[in-house]
Amino acid sequence: MVMKQTLAFAAAVLASLVVSAQASDFAFYKLSLIWPTSVCISAPQNCISPIPKIFTIHGLWPTLKNGTAVPPYDPIVNNCNPNPESAGSAVGKLAPIQVRLETKWPNLKRGSSNSTFWQTEWSHHGMCSDYPQDPLSYFTTTLNLADDSKYDPLKVLGVQPSNTPHPIDTLLENVKKNVKYYPQISCNMPIKGTKQLYLKEIRFCFKRAMPPAELQNCPDDMDDMCRSLPPAQRTVMFP
């Protein structure tokens, strides 16, 4: 019995080390930008008012080579960085960029707060980034990428918001033409009783660097929701 327990413990430790090694050795960053109208269209009363008419930030995510997001920091199962700034204290370091964050990185859900959203993004992604003790630099880096006009989705998607559905492949090719690399498109299906996809997010993939600046192709150009329909039906509304 003692031997079995010892072996089980050793296996758990090894698994923890493997997860930690993978997390600390992530391949690239994924900048995820939300189109608020698509997120809020089914229940606008549950969103902040007015609903932003710009792409806002979801996050900057350390990502493994295969496109899988690095798991959230955990001192036991994913000790990706030693002694990262705690989620509770990270938000307190963001005062110098708070106005920028409130404009570009707002929480969209009514009844929740911006600081709660930022705290969640830090604990899920920032603590396993290259800035584990420096939340100010992590959030500033994300803002700078999102504010760069080269990556403005309203320019690089090649279409403007309208009531016209667009083939996802067309949008991907438009972005590839404008920035030289494929992004990832994320979809939702917010209107009950229909199978119409909506453009929820666009995600740009950046090679790992401090700060990240060089684009690369995203390993998967659509998320699972986009792929939930047959190729011929993969059109998205961009309202």
If you look at every heavy atom in K207 and P212, which pair is closest and at what distance?
-> O-CB, 3.8 Å
Of D224, L199, T235, I168, the residue whose pairing with C187 passes side-chain contact (heavy atoms from CB on, under 4.5 Å) = I168
Is the side chain of N81 donor-acceptor paired with the backbone N or O of P84 at a distance under 3.5 Å, no angle test?
-> no
Donor + acceptor pair across side chains of K195, Q233 (<3.5 Å) = no
After noting the C-alpha distance and the side-chain angles of S186 and R203, does the key distance pass the side chain to side chain contact (heavy atoms under 4.5 Å, CB included) rule?
-> CA-CA 8 Å; S186 175; R203 299 165 180 167; 3.4 Å; yes
Check: T164 side chain, S162 main-chain N or O, donor-acceptor pair, under 3.5 Å = no
Y138 side chain to L60 main-chain N or O, any donor-acceptor pair under 3.5 Å?
-> yes
May I ask you to test the K155-K150 pair for a side-chain heavy-atom distance under 4.5 Å?
-> no
Joint hydrophobic cluster, M210 plus F139, side-chain heavy atoms closer than 4.5 Å | yes
When rounded to the nearest 0.5 Å, the distance separating CD of Q196 from CG of N188 is 10.5 Å
Donor-acceptor pair, side chain of T103 and main chain of V99, under 3.5 angstrom = yes
Between R234 and L229, what is the shortest heavy-atom contact and its length?
-> NE-O, 2.8 Å
Heavy-atom check, side chain of F26 versus side chain of D130, under 4.5 Å | yes
Is there a chain of hydrophobic side chains (I, L, V, M, F, W, Y, each step under 4.5 Å between heavy atoms) that links L31 to M222?
-> yes
How long is the gap from CZ on F204 to CD on Q216, to the nearest 0.5 Å?
-> 13.5 Å
Taking the side chain as every heavy atom from C-beta outward, state whether R110 and S49 have any pair of such atoms under 4.5 Å apart.
-> yes
Okay, side chain of T116, backbone of S112: is any donor-acceptor separation there less than 3.5 Å?
-> no
If you draw the axis of the six-membered ring of Y29, does the NZ or CZ of R208 fall within 45° of it and under 6.0 Å from the ring centre?
-> no
Polar side-chain atom of Q119 near backbone of G88 as donor-acceptor pair, under 3.5 Å = no
Looking only at heavy atoms, the pair that brings T37 and K53 closest together is OG1-NZ, 3.9 Å
Does a side-chain N-to-carboxylate-O contact under 4.0 Å join D147 and R100?
-> yes
Taking atom CG of N66 as the centre, does the number of heavy atoms from other residues, nucleotides or ligands within less than 6.0 Å exceed 12?
-> yes
For W105 and G59 the tightest heavy-atom approach is CZ2-CA, 3.8 Å
Hey, are R227 and D221 close enough for a salt bridge, meaning a charged N less than 4.0 Å from a carboxylate O?
-> yes
What about the rings of Y151 and F206, do their centers lie closer together than 6.0 Å?
-> yes
Is E173 close to Y182 at the side-chain level, that is, under 4.5 Å between some pair of heavy atoms?
-> yes
For the hydrophobic clusters of this structure (ILVMFWY residues joined by side-chain heavy atoms under 4.5 Å, transitively), does one cluster hold both L33 and L108?
-> no
Would you check if there is a donor-acceptor pair between the side chains of Y131 and E85 at a distance under 3.5 Å?
-> no
From SG (C40) to NZ (K109), nearest 0.5 Å | 10.0 Å
Under 4.5 Å between any side-chain heavy atoms of T56 and K104, yes or no?
-> no
Residue pair H166 / F238: nearest heavy atoms and the distance that separates them = CD2-CB, 4.4 Å
pair L94-W122: side-chain heavy atoms closer than 4.5 Å = no
Short question: side chain of T141, backbone of S137 - any donor-acceptor pair under 3.5 Å?
-> yes
Rounded to the nearest 0.5 Å, what separation is found between the CD atom of Q184 and the CD1 atom of I202?
-> 10.0 Å
Single-linkage hydrophobic cluster I41~I185, side-chain heavy atoms < 4.5 angstrom = no
Give a yes or no on whether the backbone of N114 and the side-chain of N107 come within a donor-acceptor separation of less than 3.5 Å.
-> no
Give a yes or no on whether the backbone of F28 and the side-chain of W61 come within a donor-acceptor separation of less than 3.5 Å.
-> no
Hey, are the side chains of I51 and P44 touching, using non-hydrogen atoms and a 4.5 Å cut-off?
-> yes
Would you indicate whether the side-chain heavy atoms of I57 and L143 approach each other to under 4.5 Å?
-> yes
So, for W35 and Y198, is the gap between ring centers shorter than 6.0 Å?
-> no
With side chain to side chain contact (heavy atoms under 4.5 Å, CB included) as the test, would you mind laying out the steps for V175 and L172 before giving the verdict?
-> CA-CA 5 Å; V175 177; L172 289 168; 5.9 Å; no
Are N174 and V156 close enough, and set up right, to give a side chain to side chain contact (heavy atoms under 4.5 Å, CB included), and what steps lead you there?
-> CA-CA 7 Å; N174 287 348; V156 302; over 6 Å; no
Separation of S149 OG from L154 CG (nearest 0.5 Å) | 12.0 Å
Determine, using the 4.5 Å side-chain heavy-atom cutoff (strictly less than), whether M237 and I191 are members of one ILVMFWY cluster.
-> yes
Establish, from distance only, whether the side-chain atoms of S89 and S86 form a donor-acceptor pair under 3.5 Å.
-> yes
Quick one: pull up CD1 in I54 and CD1 in I34 and give me the separation to the nearest 0.5 Å.
-> 11.0 Å
Compare every heavy atom of N78 with every heavy atom of C128, then report the nearest pair and how far apart it is.
-> SG-ND2, 3.6 Å
